[in-house]
Amino acid sequence: MGVPSVFLRTFGCNFKCAGFGMPRGELSEEANNVNPDSYKKYEDLPLVSTGCDSYASWDPRFKDLSPMLESDAIVERIMEILPHGEWRDEHLVITGGEPLLGWQRAYPDLLDHPKMAGLKEITFETNGTQKLTDDFKKYLFAWKKQNPEREITFSVSAKLPCSGEAWEDAIQPKIVSEYEWYGTAYLKFVIATEQDFADAECAIGAYRADGFSGHVYLMPVGGVETVYALNNRRVADLAMSKGLRYSDRLQVPLFKNEWGT
Ligand code: SF4
């Protein structure tokens, strides 16, 4: 939190997470009820308070509302965003959707661009279900070797049953343990209820049993301030009482729930 970062959001996800913010067992229809024909760009789409708040980045009905850019154009856009027109202390956060889907094939072309040479830290914000391909593993290893200051982080937001996704699809300890060979990995669980925490404890046990050694964070549910303010203190107390880390949602009070945050 607080690190100047450029967010690159890729399109597509293997999940829908329609259970977020819903009574257990029910799925949100909020995004389904949005008519894509009524909008010209994704920033105009309505924000949702249930289900995945990033639906514009994976729902095929909204795909044409997002720009399709080649690597050169992405790099130019990044240079425009960076305050000094070059990488200094900023991080690159690659998020989604799910950024470790087929996009793994595209990252080497992007990261090998000469203007990306100064980049020192990449974070993949992943749901922790996608294996790294052999080619991408080799690439990540070589990318770090080129410059000892470089770091790779896998921020794994594993999806508990409150997301509406099935446990056997969402909790993939072997895949997440393997990320630790190529960078630092940590787990992050979104918590709304006691049941969510019980599920998180069960998942943590499964990850640890498969050798995962990284940190674990609890994060309060809430893409909007009203929901977030209801349980952030409770989740912080829970994290302290269990010896786990607490992750705030700095973007909620700072930027509210807006596209691009
Ligand atoms: S994994 Fe993330 S991007 Fe994909 S549907 Fe769930 S919350 Fe949304």
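Every number for a ligand or one of its atoms is a count from 1 in the order of the listing. Heads up: numbering here begins at 1 and tracks the sequence.
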J.: Please could you name the atoms of ligand 1 that Gly97 approaches to less than 4.0 Å, counting only its heavy atoms?
T.: 3 (S)

J.: Ignoring waters, how many N, O or S atoms from the protein are under 2.8 Å from atom 6 (Fe) of ligand 1?
T.: 1

J.: In terms of relative ring orientation, are Phe154 and Phe124 parallel, tilted or perpendicular, with 30° and 60° separating the classes?
T.: parallel

J.: Given Leu8, which partner from the list Leu110, Thr95, Ile78 fulfils the side-chain contact (heavy atoms from CB on, under 4.5 Å) test?
T.: Leu110

J.: Determine the interplanar angle of the Tyr139 and Phe136 rings, folded into 0 to 90°, and report it as parallel if under 30°, tilted if 30 to 60°, perpendicular if over 60°.
T.: parallel

J.: Of all residues at least two apart in sequence or in a different chain, which pass the side-chain hydrogen bond (donor to acceptor under 3.5 Å, both in side chains) check with Asp237?
T.: Arg233

J.: So, are Lys115 and Asp72 salt-bridged, with charged N and O less than 4.0 Å apart?
T.: no

J.: Consider side-chain contact (heavy atoms from CB on, under 4.5 Å). Of Thr193, Leu160, Ile171, which one does Asp199 pass it with?
T.: Leu160

